[in-house]
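A note on names: the letters A, B, ... follow the listed sequences, proteins ahead of strands, and every chain is numbered from 1.
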Amino acid sequence: MHDFSLSIRLWYRQNKRNLPWRETKNPYLIWLSEIILQQTRVIQGKSYYLKFVNRYPEIEDLANAKEQEVLNLWQGLGYYSRARNLHFASKQVMEEFSGKFPSTYKDIKQLKGVGDYTASAIASFAFDLPHAVVDGNVYRVLSRYYTDETPIDSSQGQKLFKAYAQDLIGNEDPAEFNQAIMELGALVCTPKNPDCESCPLQEQCSAYLKSSQLDFPVKSKKTKVTNKYFNFFISSSNQLQIEKRKGKGIWQNMFQLPLIESDKPLTLNDVKSITKKKWNTKTQNKITEYQHILSHQKIHASFWKVDSLITNESEYITVNLDEIRDYPLPRLIDRYLEENHEAYGNS
DNA sequence: AATCCGGGGTG
DNA sequence: CACCCAGGATT
């Protein structure tokens, strides 16, 4: 076994966190935890994992649920395609795999929402198969260990770091190796202020020896943020009109208030003119505004008071405030209701 | 290969 | 403010 592998395994046995999904070999529960934890910190995902396990103890329970209920449980976690794909994949397991969770890397990866990382994680954690995981932690640990400047957000980098990890994992307890390297990245080899004095790889780590830890990993692209202007409308404080978002953009199949989107800020006069023409309603005043920051866009949201319900469009559903908890809402709408409507009970 | 998809925490 | 988090699908 490589020094690398043995060192991090010994470190892991002494330093691992006790997490609920580490106490099971049930592939359904491991899959559920991995989907929740995609691009999500352990501390943020943990309560969602417990909620889902409680509501859907078996994959069949998830497959039999309504998508709206699944999205509702996911509310606030973001990247809602994960919830839609999770639900879809549960039905794949019931129909294409006769209710038995697939047990090979190839079959696992057929599931919607499961890519290379998640298939490798399930294959190793649930079935002890030697597939190396490469997540953000692994990129960081290995790029520093080897001071490899290949950009991790390139297809070449993805192949290279996968090969590095696969070369190190070995056949003996691959699950432990995968857990160990990710845990090391999460607890010691952190993006900023890595705790190199506690690192079992310190003596062999190329970046440590060159004091260049913070130069790794290398990324080639920068995400650029685009500005968007969302105008939402409320006609009374006790009843809301909402609609289900369609199309392929943000918050698909989630619910929102009646929306007018623009590429520039709108004045009260702009809004009065538009709502009069579109809905034959009269806008009275701006209630409040929020800036909602996402990784790739900055939403400038204004909430406007109108004098009456919209009656000329059929897609709007009218609900009482105490019924709205049944509808999955983006965090932006959820926050608005929390802070402006007394009767909005938040779970 | 590039772009899109949330929300929250950190320094 | 920039960066990142147990990434994947779509184009």
Can you check the Ile333(A) CD1 to dG7(B) C1' distance for me, whole Å? 15 Å
Counting just side-chain N and O atoms, does Arg140(A) come under 4.0 Å of either OP1 or OP2 of dC5(C)? yes
Gln291(A) CD to dG7(B) P: how many Å, rounded? 15 Å
Of the residues in residues 245-253 of chain A, which ones touch DNA chain C at a heavy-atom distance under 4.0 Å? Lys248(A)
Measure the acute angle between the ring planes of Phe230(A) and Phe232(A), then classify it against the limits of 30° and 60° as parallel, tilted or perpendicular. perpendicular
Can you tell if the side chain of Thr147(A) reaches within under 4.5 Å of the side chain of Ser212(A), non-hydrogen atoms only? yes
Report the relative orientation of the aromatic rings in Tyr139(A) and Phe161(A); use parallel for angles under 30°, tilted for 30 to 60°, perpendicular for over 60°. perpendicular
Could you check how far NZ of Lys224(A) sits from P of dC3(C), rounded to whole Å? 16 Å
Less than 4.0 angstrom from a charged side-chain N to a carboxylate O is my criterion; do Glu69(A) and Arg55(A) meet it? yes
State, without any angle test, whether Gln38(A) and Arg82(A) hold a side-chain donor-acceptor pair at a distance under 3.5 Å. no
Looking only at atom C1', what distance separates dG8(C) and dG9(B), rounded to whole Å? 23 Å
How is Ser295(A) classified with respect to the nucleic acid when contacts are heavy atoms under 4.0 Å: base, sugar-phosphate, or nothing? base
Nearest whole angstrom, please: distance from the C1' of dG6(B) to the CH2 of Trp74(A). 11 Å
P atoms of dA9(C) and dG8(B), separation to the nearest Å: 24 Å
Calculate the interatomic distance between Arg82(A) atom CZ and dA9(C) atom P; express it in whole Å. 13 Å
Of the options Lys244(A), Arg84(A), Arg245(A), which is the one that meets Gln252(A) in a side chain to side chain donor-acceptor pair (under 3.5 Å)? Arg84(A)
Do Tyr208(A) and Cys199(A) make a side-chain contact, defined as non-hydrogen atoms from C-beta onward lying under 4.5 Å apart? no
Any side-chain heavy-atom pair of Lys219(A) and Ile152(A) under 4.5 Å: yes
Residue Leu294(A), side-chain atoms from C-beta onward, closest of dG7(C), dG6(B), dG8(B): dG6(B)
Taking any heavy-atom pair under 4.0 Å as a contact, classify Arg335(A): base, sugar-phosphate, or nothing. sugar-phosphate
Please determine if a side-chain N or O atom of His296(A) lies less than 4.0 Å away from the OP1 or OP2 oxygen of dC4(B). no
Going by distance alone, is a donor N or O of one side chain under 3.5 Å from an acceptor N or O of the other, for Asn253(A) and Glu67(A)? yes
Send over the distance from Leu77(A) CG to dG9(B) C1', rounded to a whole Å. 14 Å
Look at Glu172(A) together with Arg9(A) and state whether they make a salt bridge at an N to O cut-off of under 4.0 Å. no
Between dA6(C) and dT3(B), how far apart are the two P atoms, rounded to whole Å? 26 Å
Does any residue of residues 34-50 of chain A have a heavy atom under 4.0 Å from DNA chain B, and if so, which ones, in number order? Gln39(A), Thr40(A), Arg41(A), Gln44(A)
5' precedence on DNA chain B between Asn193(A) and His292(A) (nearest-nucleotide basis): His292(A)
Please state whether the rings of Tyr56(A) and Phe52(A) are parallel, tilted or perpendicular, taking 30° and 60° as the class boundaries. tilted
Measure the distance from CD1 on Ile181(A) to P on dA6(C) and round it to the nearest whole Å. 14 Å
How many Å lie between CD on Gln75(A) and C1' on dG6(B), as a whole number? 12 Å
With a 3.5 Å cut-off and just heavy-atom distances, do the side chain of Arg22(A) and the base of dA6(C) make a donor-acceptor pair? yes
Tell me whether Arg331(A) is salt-bridged to Glu338(A), with the criterion being a basic N under 4.0 Å from an acidic carboxylate O. yes
How are the rings of His300(A) and Tyr229(A) set relative to one another: parallel (under 30°), tilted (30 to 60°) or perpendicular (over 60°)? parallel
In terms of the nearest nucleotide of DNA chain B, which residue is placed more toward the 5' end: Ile293(A) or Ser154(A)? Ser154(A)
Mind checking Trp21(A) for me? I need base, sugar-phosphate or nothing, with any heavy atom below 4.0 Å counting as a touch. base
Ignoring backbone atoms, test whether Tyr80(A) places a side-chain nitrogen or oxygen under 4.0 Å from the OP1 or OP2 oxygen of dG7(B). yes
DNA chain B contacts among residues 104-126 of chain A, heavy-atom distance under 4.0 Å: none
